[in-house]
Chemist: 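The structure's right below; bear with me while I get my questions together.
Note on naming: letters A, B, ... go to the chains in the order of the sequence lines (proteins, then strands), and numbering restarts at 1 for each one.
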There are 2 protein chains.
Amino acid sequence: GAGEIGKEPESENILAEFKTTNVLSFSAREKSIFIHGKLADQDAVVILEKTPITEDSLAELFSDSRLKLDMRNDIYSTYRLQAPPQLNEIKTTVVCPATEKHVKKYQRQETFLVEETGEDYQSITLPYIQKQSLSIQWVYNILEKKAEAERIVYEDLDPDVGFVLLPDFKWDQKQVDNLYLIAITHQRGIRSLRDLTSEHLPLLHNIFQKGKAAILQRYSLPSSKLRVYLHYQPSYYHLHVHFTKLGYEAPGCGVERAHLLADVIQNLQSDPEYYRTRTLYFPLRADDELLSKFKEAGRL
Amino acid sequence: GAGEIGKEPESENILAEFKTTNVLSFSAREKSIFIHGKLADQDAVVILEKTPITEDSLAELFSDSRLKLDMRNDIYSTYRLQAPPQLNEIKTTVVCPATEKHVKKYQRQETFLVEETGEDYQSITLPYIQKQSLSIQWVYNILEKKAEAERIVYEDLDPDVGFVLLPDFKWDQKQVDNLYLIAITHQRGIRSLRDLTSEHLPLLHNIFQKGKAAILQRYSLPSSKLRVYLHYQPSYYHLHVHFTKLGYEAPGCGVERAHLLADVIQNLQSDPEYYRTRTLYFPLRADDELLSKFKEAGRL
């Protein structure tokens with residue numbers, strides 16, 4: 001049958017009749033492209049991504065390919081290598097029929113840097129968060145062991161300074177190279193960086209120290225290999241801390257969104273109100289509702 | 001001749017006799033691999049990188065490829081697409097003969113996060129910088145118009161708060177998507193973030209405002225599309241500021257090395273000695289001499 005895995009069935013080339021409507025997004029760096037189009041009159045999204053070059057394919061790749069010289073200069077030369085198709089596959093994902101939601105999901109979104117003063121937070125962001133009241137029941141399910149209990153790597157049960165440490169969904173846990181864990185506080189009601197004052201220093205110290213110790217014990221990764229930070233804006237408004245491997249360019253580790261926990265601690269030590277009063281900068285996608293709130297307020 | 005460009009000469013496949021010694025580095029994300037080996041008894045480095053998928057090749061790619069089904073589930077299905085070799089080339093760079101320096105350059109290096117207190121800076125980092133006395137003559141050549149004068153995008157000639165704005169070498173200037181410019185101060189002697197105090201606020205304000213205005217005028221990119229930051233450690237010790245497009249994941253824009261200029265200004269406004277006294281964190285490669293200095297001092 002068509003759904004069998006590992007049997008290398010020769011499929012009819014259903015893409016031969018695919019009609020491209022438009023390119024949704026494209027990455028020259030990752031060698032991928034997301035395309036919206038029609039497949040037999042149905043809306044479809046096709047995702048193409050070239051595959052990584054693996055060490056075990058090198059010998060065959062070198063012996064069985066054709067080389068076209070592009071440039072030669074001193075000790076440097078460049079070629080276009082034309083490889084046998086089976087050694088150079090393109091991973092192809094077809095979503096069909098695709099809904100408007102799929103198309104929107106894969107559509108590249110521009111981002112804008114927002115400048116949020118302490119007053120902007122009170123008058124724009126906080127009312128928006130409160131009105132949204134996005135459910136964080138899934139966070140409470142984790143804290144109460146109603147879900148994902150088997151995924152917990154470490155836990156400190158203290159209701160004030162305790163937390164649960166578990167792998168982020170983006171991490172497949174197969175190699176430590178792209179380690180990504182999240183510490184979620186047991187204490188409820190701390191929405192984000194903006195709510196932190198010096199009274200939270202014991203909580204932050206505890207997460208920093210015990211989180212690093214747990215990762216050293218479980219994954220043999222010392223703290224000099226870790227990037228420990230908070231997001232602002234966070235993707236959900238219950239305080240959590242990101243632990244990722246240094247050298248792994250995790251999504252959201254850029255200076256425009258991430259705040260090193262070590263810096264947060266220092267800043268609160270010297271100014272208890274640092275994060276309540278400071279102007280904070282963060283990127284928002286063009287379709288983010290919070291961005292429209294800033295536009296309406298004439299702040300962008 | 002072999003060096004002619006655009007004539008698509010069929011080269012003999014010199015890689016058929018390439019013998020791999022070891023893989024120097026590898027990126028699953030970027031679909032690239034750096035290999036050290038032997039080419040006719042000479043040391044060589046071969047770099048393979050798959051090419052981006054371009055929109056204009058899609059029609060041919062869809063009609064002329066073979067599809068192998070991997071998985072089908074509801075509206076989702078995945079395939080391995082085997083494309084005609086000429087539509088799916090691999091960019092190949094050969095360095096031969098390669099020196100030890102080449103091999104080291106391409107060798108993947110582990111990085112370590114260093115914690116530098118104000119005292120560490122005085123006792124470890126500053127003496128190291130002074131002893132190195134790496135030449136920054138090339139910076140002075142730019143400031144004095146002895147080199148790269150034609151590349152200057154904007155200049156403010158003021159000796160105290162002035163600067164030169166020009167494209168970073170990493171930017172090919174072909175599209176604004178990966179815009180990367182550098183502002184280099186005319187004022188000499190400011191080594192890095194560590195040297196900044198509130199007396200430099202006029203300089204920092206000037207670079208921030210006039211740099212953004214020049215980019216708006218020249219590239220039609222408003223400040224809400226820019227990430228403006230300093231590196232610590234910088235790659236050379238003469239104050240400069242990075243301007244990159246928001247959304248472009250420029251190398252070195254991670255929270256562990258980048259400091260938003262807007263944050264630097266705010267921090268100096270509330271504490272003139274912020275960057276002299278604060279503990280700063282930054283990554284260093286395993287082969288960086290400064291890292292050995294921190295190790296010798298028992299700080300890592």
Chemist: Side chain, backbone, both or neither: which part of B:Ile53 has a heavy atom under 4.5 Å from chain A?
Modeler: both

Chemist: Contact part of A:Asn178 toward chain B, heavy-atom cut-off under 4.5 Å: side chain, backbone, both or neither?
Modeler: neither

Chemist: Between the main-chain N or O of A:Phe62 and the side-chain N or O of A:Ser65, is there a donor-acceptor pair closer than 3.5 Å?
Modeler: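 Checked: no pair found.
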
Chemist: Which heavy atom in B:Pro85 sits nearest to a heavy atom in A:Gln82, and how many Å separate them?
Modeler: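 It is CB-CB, 3.8 Å.
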
Chemist: Going through the checks in order, is the side chain to side chain donor-acceptor pair (under 3.5 Å) test met by B:Asn267 and A:Tyr274?
Modeler: CA-CA 10 Å; B:Asn267 287 332; A:Tyr274 189 98; 2.5 Å; yes

Chemist: Please state whether the side chain, the backbone, both or neither of A:Val46 comes within less than 4.5 Å of a heavy atom of chain B.
Modeler: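 Just the side chain, heavy atoms under 4.5 Å.
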
Chemist: Exactly one of B:Lys50, B:Lys31, B:Glu89 should register a side-chain hydrogen bond (donor to acceptor under 3.5 Å, both in side chains) with A:Asn88. Which one does?
Modeler: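 With A:Asn88 as partner, B:Lys50, B:Lys31, B:Glu89 yield a single side-chain hydrogen bond (donor to acceptor under 3.5 Å, both in side chains), made by B:Lys50.
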
Chemist: Any idea which of A:Glu249, A:Glu110, A:His259 has the most non-hydrogen atom pairs under 4.5 angstrom with chain B?
Modeler: A:Glu110

Chemist: Counting C-beta onward and ignoring hydrogens, is there a side-chain heavy-atom pair between A:Leu81 and A:Arg66 closer than 4.5 Å?
Modeler: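 In short, these two side chains do not touch, never coming nearer than 4.5 Å.
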
Chemist: Between chain B and each of A:Arg278, A:Gln86, A:Arg257, A:Glu55, count heavy-atom pairs under 4.5 Å; write down the option with the most.
Modeler: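 The answer is A:Arg278.
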
Chemist: Quick one: of A:Ile35, A:Val255, A:Thr20, who has the most non-hydrogen atom pairs under 4.5 Å with chain B?
Modeler: A:Val255

Chemist: Show your reasoning for whether ring pair (Phe, Tyr, Trp, His ring centres under 6.0 Å) applies to B:His242 and B:Tyr229.
Modeler: CA-CA 5 Å; B:His242 304 252; B:Tyr229 54 100; 5.2 Å; yes

Chemist: Tell me which of these, B:Ile47, B:Val45, B:Thr54, B:Val95, has more heavy-atom pairs under 4.5 Å with chain A than the rest.
Modeler: B:Val95

Chemist: Under a 4.5 Å heavy-atom cutoff, which of A:Pro97, A:Pro283, A:Gly247, A:Ala98 has the most pairs with chain B?
Modeler: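 When all of A:Pro97, A:Pro283, A:Gly247, A:Ala98 are compared, A:Pro97 has the most.
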
Chemist: I'd like to verify something: which residue of B:Ala83, B:Pro84, B:Cys96, B:Ser63 has the highest number of heavy-atom pairs under 4.5 Å with chain A?
Modeler: B:Cys96

Chemist: At a 4.5 Å cut-off on heavy atoms, which part of A:Ser32 comes close to chain B: side chain, backbone, both, or neither?
Modeler: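 For A:Ser32, the contact with chain B is made by the backbone alone.
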
Chemist: Got more than 12 heavy atoms from elsewhere within 6.0 Å of CZ, A:Arg108?
Modeler: no

Chemist: As an exercise: rank A:Ile33, A:Leu246, A:Asp74, A:Leu280 by heavy-atom pairs under 4.5 Å with chain B and give me the winner.
Modeler: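 Most pairs with chain B among the choices: A:Leu246.
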
Chemist: Just checking, any donor-acceptor pair under 3.5 angstrom between side chains of B:Arg72 and B:Thr78?
Modeler: no

Chemist: Sort out for me which of B:Glu49, B:Glu17, B:Gln266, B:Glu115 touches chain A most, counting heavy-atom pairs under 4.5 Å.
Modeler: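 Most heavy-atom pairs under 4.5 Å with chain A: B:Gln266.
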
Chemist: Determine whether more than 12 heavy atoms belonging to other residues, nucleotides or ligands lie under 6.0 Å from atom CD of B:Gln175.
Modeler: yes

Chemist: Output the option from B:Leu113, B:Ile75, B:Val114, B:Thr51 having the highest count of non-hydrogen pairs under 4.5 Å with chain A.
Modeler: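 Of the candidates given, the most pairs with chain A belong to B:Ile75.
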
Chemist: Can you tell which part of A:His102 gets under 4.5 Å to a heavy atom of chain B, answering side chain, backbone, both or neither?
Modeler: side chain

Chemist: In terms of heavy-atom proximity below 4.5 Å to chain B, should A:Gln109 be classed as side chain, backbone, both, or neither?
Modeler: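 Interface part for A:Gln109: neither.
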
Chemist: State whether the side chain of B:Lys245 and the backbone N or O of B:Val176 hold a donor-acceptor pair below 3.5 Å, judged by distance alone.
Modeler: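 Between the backbone of B:Val176 and the side chain of B:Lys245 there is no qualifying donor-acceptor contact (under 3.5 Å).
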
Chemist: Using a 4.5 Å cut-off on heavy atoms from C-beta on, say whether the side chain of A:Asp43 contacts that of A:Lys38.
Modeler: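 A:Lys38 reaches A:Asp43 side chain to side chain.
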
Chemist: Determine the option with the most heavy-atom pairs under 4.5 angstrom with chain A, choosing from B:Asp177, B:Val23, B:Leu260, B:Thr279.
Modeler: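 Counting heavy-atom pairs under 4.5 Å, the top option is B:Thr279.
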
Chemist: Counting only heavy atoms closer than 4.5 Å, note whether A:Arg285 contacts chain B via side chain, backbone, both or neither.
Modeler: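 Contact with chain B is absent: no heavy atom of A:Arg285 under 4.5 Å.
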
Chemist: Non-hydrogen atoms of chain B under 4.5 Å away: do they reach the side chain of A:Phe112, the backbone, both or neither?
Modeler: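 Both backbone and side chain.
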
Chemist: Could you check whether atom CD of B:Gln269 has more than 12 heavy atoms from other residues, nucleotides or ligands sitting under 6.0 Å from it?
Modeler: yes

Chemist: Name the region of A:Asn73, side chain, backbone, both or neither, that has any atom closer than 4.5 Å to a heavy atom of chain B.
Modeler: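 Neither part; nothing is under 4.5 Å.
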
Chemist: Select one option (side chain, backbone, both, neither) describing which atoms of A:Arg227 are under 4.5 Å from chain B's heavy atoms.
Modeler: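 The side chain, not the backbone.
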
Chemist: Pick one of side chain, backbone, both or neither for B:Tyr76, based on which atoms fall under 4.5 Å of a heavy atom in chain A.
Modeler: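 Both the backbone and the side chain of B:Tyr76 come within 4.5 Å of chain A.
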
Chemist: If we check side chain to side chain contact (heavy atoms under 4.5 Å, CB included) with A:Tyr79, which of these qualifies: B:Thr92, B:Leu48, B:Thr93?
Modeler: B:Thr92

